[in-house]
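Single-structure report; data block below.
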Amino acid sequence: MRRSHTRARVKTKPDKSDMDPVKFQIRSSNRSSSSSSIYTLTKSNSKHAKSNLFLTVASIATVLGFLFVCYSIASSGGRGSLRYSVVIDGGSTGTRIHVFGYRIESGKPVFEFRGANYASLKLHPGLSAYAEDPEGASAALRELVEFAKGRVPRGMWVETEVRLMATAGMRLLEVSVQEKILGVARRVLGSSGFLFRDEWASVISGFIGVSRETRRSDDGVRPASCVNETNLTQNVDAAAAAGSDEGVYAWVVANFALGSLGGDPIKTTGIVELGGASAQVTFVSSEPMPSEFSRTVSFGNVSYSLYSHSFLHFGQNAAHEKLWGSLVSRDRNSAVEPIREGKHADPCAPKGYNLDTITQKHLSGFLAEESKLASSFQAVGNYSECRSAALSILQEGNDKCSYQHCSIGSTFTPKLQGRFLATENFFYTSKFFGLGEKSWLSNMISAGERFCGEDWSKLRVKDPSLEEEDLLRYCFSSAYIVSLLHDTLGVPLDDERVGFANQAGDDIPLDWALGAFILQTEASTSQHASSSHLHWFYALFGIDSQTLLYFIGVPILMTVLVCLISKWRKPQLKTIYDLEKGRYIVSRIR
Ligand SMILES: Nc1nc2c(ncn2[C@@H]2O[C@H](COP(=O)(O)OP(=O)(O)OP(=O)(O)O)[C@@H](O)[C@H]2O)c(=O)[nH]1
Ligand SMILES: [Ca+2]
């Protein structure tokens, strides 16, 4: 059939509402028939055209939307998008910032403490060093904030929470001085660009057992009782009964790392932590205990009834300073007999070490200026005397015990139950002496006897890279560790249930700040999920975004494809208007 070359002639227009005709003349190819008809090739019905257009646009939009969902899930490794959180640990020897990345899957946070999902930086000295000059803390805090900003995408800063949680070093300061330093921190963090509220900068031992009021703190740890902070200035010992949140957080990260968090309480692992200013003991105990030591931690649908306590002044550095103080002050039952008037033997310092500089620096907390100058020390390096001096320090206050039984100071501690990880200085000192896991506590004794009994000059040659003060501490540390775990807490010397560690599971650092982040994120996510419209969905389907993709995405794609195929497959009809016959003829295009 040839296309006509004659000009199309305009005839009666069909009904306006129908279509807008295009006309041309087609001559039949058969010579014999002279008939030729004028045909009208009509465009499709405008309504029909619109629905086609809509269908096409909708199909394209659906397919694009589906492809975008595929891309965003694929690009996030088939999981929720990455979120961030920042925790600053205000310790006594330094301030450490932790930057965490995590995802939400099926309404639950998924934590990975490695690679781009975890970074930390520690700056010395700790916040408590700025007691005389609180403003001086702002420079270090700004440097830590800049470190975090380098690890959180700028677009996420505004929804990334930052918390400052200070521990023993700050606990030892007057509350008024604490508040000045915290005020500087609140100003720096408030202008950091991260999500921050003033109450998120605090000394974490905010709860001590005086009133019977209980309340749920926003980090998922429910204190057995609490009181307002003003009591802290009146009774430092009461403050010593505080701060067990630090121990709880360390317990949380240890059991998260070991995979026992969320499981049977009996199968969890306890934590004994030897810090600089404080020591923490936290474990699941079935023994009845006074409420000020009891903490309940909920994780998933499991509740853990814990004993948790932070022994302020019983951290390694604080205890060592107490030893020097006890060597000098005659009005206390001195840990060791003085050599002669004003000359004190220090059994925890290897022979030949010159103690005067270090003791003058550290005794400010214990001595009036004149008695400091009058006193001098002689290193006599004797491990067993050092160990009994350490025991005297640990038992100081035992006579004031107001509980059924006390172990450290005048504080109640139930009998240790189950397995334990001994962290921080337990780990550092065991590593220094090269102890293996097997019988490490009994080997600590022989290592300490050798080290304390050695001449200082030989020790210096063996470890020239270490700071003198750090090297010196290993004699006291080896004695204090055995005296704390075995002589005071009753851990048998060959007990395999207690091991030293600084990481666990998949090399997860056993740092309490990670535990605080886990609890806080778990609490805020489940709060958000229960208040968001998706809660019923996750509860009903309990599926993650990947499965969601298959359940919803694939059917949409199939529907769109069927529509598109059916549309294209639909016979292409041609509607023509026969002028001579005066009617439409619909015919199929091959
Ligand atoms: N030997 C040794 N000791 C370390 C090392 N790192 C930290 N410590 C000591 O381990 C203890 C606890 O470390 P951190 O928790 O980082 O110190 P901190 O938070 O400032 O101290 P606290 O406020 O008591 O927790 C302190 O006594 C530190 O001096 C290390 O690499 N080697
Ligand atoms: Ca610490």
Side-chain angles (χ1 to χ4, degrees), residues 83-91 95-100 109 126-128 130 134-135 137-138 140-142 144-145 148 152 157-211 213-233 238-239 242-249 252 295 297-298 310 512-528 531:
R83 301 171 186 211
Y84 295 86
S85 188
V86 178
V87 173
I88 300 175
D89 164 3
T95 307
R96 189 198 311 255
I97 193 163
H98 303 264
V99 184
F100 304 105
L127 291 176
S128 46
Y130 298 99
E135 194 51 44
S138 58
L141 288 166
R142 269 198 292 275
L144 292 171
V145 165
V152 177
W157 290 354
V158 71
E159 58 187 278
T160 298
E161 295 179 355
V162 59
R163 282 176 167 74
L164 181 138
M165 304 163 100
T167 59
M170 283 276 272
R171 261 179 236 144
L172 290 170
L173 301 179
E174 285 295 315
V175 172
S176 56
V177 177
Q178 291 179 22
E179 279 308 311
K180 283 186 192 138
I181 296 173
L182 290 176
V184 171
R186 287 169 183 143
R187 197 186 68 238
V188 171
L189 299 179
S191 59
S192 65
F194 287 125
L195 179 56
F196 174 73
R197 290 190 219 142
D198 280 357
E199 61 269 25
W200 289 355
S202 65
V203 178
I204 55 173
S205 55
F207 307 109
I208 49 179
V210 174
S211 73
E213 175 209 348
T214 55
R215 68 177 167 187
R216 186 179 188 82
S217 56
D218 70 353
D219 58 9
V221 175
R222 190 181 312 122
S225 59
C226 54
V227 73
N228 60 44
E229 279 70 15
T230 45
N231 297 58
L232 278 176
T233 44
S244 50
D245 296 341
E246 183 178 353
V248 167
Y249 297 146
V252 165
R295 280 290 183 278
V297 170
S298 310
S310 180
W512 66 263
L514 277 70
F517 159 67
I518 289 170
L519 270 189
Q520 172 53 39
T521 310
E522 178 74 17
S524 56
T525 311
S526 52
Q527 228 169 11
H528 175 75
S531 60

task: Locate the shortest heavy-atom distance separating Leu144 from Thr95; write the atom from each residue and the value.
output: CD1-CG2, 3.6 Å

Minimum heavy-atom distance between Pro134 and Val184, given as atom pair plus value: O-CG2, 3.6 Å

field: Euclidean distance, Thr167 OG1 relative to Met165 CE, rounded to 0.5 Å
entry: 10.5 Å

field: Separation between OG of Ser191 and CZ of Arg142, rounded to the nearest 0.5 Å
entry: 7.5 Å

- request: Can you measure from CD1 (Ile204) to CG (Leu164) and round to the nearest 0.5 angstrom?
  value: 10.0 Å

task: Could you tell me which non-hydrogen atom of Arg187 sits nearest to which non-hydrogen atom of Ser138, and how far apart they are?
output: NH2-CB, 4.0 Å

message: Could you walk me through whether Phe196 and Arg186 satisfy the side chain to side chain contact (heavy atoms under 4.5 Å, CB included) test, starting with their C-alpha distance in whole Å, then the side-chain angles of each, then the deciding distance to 0.1 Å, before giving a yes or no?
response: CA-CA 8 Å; Phe196 174 73; Arg186 287 169 183 143; 3.9 Å; yes

query: Of Ile88, Val162, Leu195, which is the lone residue that meets side chain to side chain contact (heavy atoms under 4.5 Å, CB included) with Trp200?
result: Leu195

query: Would you call Arg163 and Glu199 a salt bridge, using N to O less than 4.0 angstrom?
result: no

message: Please give me the minimum heavy-atom distance between Thr521 and Pro109, naming the atom from each residue.
response: CG2-CB, 3.9 Å

field: Salt-bridge criterion met for Arg83 and Glu161 (N-O under 4.0 Å)
entry: no

- request: Could you walk me through whether Gln178 and Leu127 pass the side chain to side chain contact (heavy atoms under 4.5 Å, CB included) test, one step at a time?
  value: CA-CA 9 Å; Gln178 291 179 22; Leu127 291 176; over 6 Å; no

message: For the CG atom of Leu173 and the CD1 atom of Ile181, what is their distance to the nearest 0.5 Å?
response: 5.5 Å

Nearest-0.5 Å distance that lies between atom OG in Ser298 and atom CG in Leu519: 9.0 Å

field: Ser310 side chain reached by Arg171 side chain, heavy atoms, under 4.5 Å
entry: yes

message: So which atom in Ala148 and which in Ile97 form the shortest heavy-atom distance, rounded to 0.1 Å?
response: CB-CD1, 3.8 Å

- request: Identify the heavy atoms of Ala137 and Tyr130 that sit nearest to each other, and give their distance.
  value: N-CD2, 3.6 Å

- request: Could you tell me whether the side chain of Val248 reaches within less than 4.5 Å of the side chain of Trp512, counting heavy atoms only?
  value: no

message: Val86 vs His98, test: side chain to side chain contact (heavy atoms under 4.5 Å, CB included). Steps then yes/no.
response: CA-CA 6 Å; Val86 178; His98 303 264; over 6 Å; no

- line: Distance col, row Gln520:CD vs Glu522:CD, nearest 0.5 angstrom, shows 11.0 Å

message: Using the salt bridge (Lys or Arg N to Asp or Glu O under 4.0 Å) criterion, which residues pair with Arg96? Sequence neighbours excluded.
response: Asp511

- prompt: Less than 4.5 Å apart, any side-chain heavy atom of Leu141 and any of Leu189?
  reply: no

- prompt: Can you find a pair of side-chain heavy atoms, one from Val252 and one from Leu514, that are under 4.5 Å apart?
  reply: no

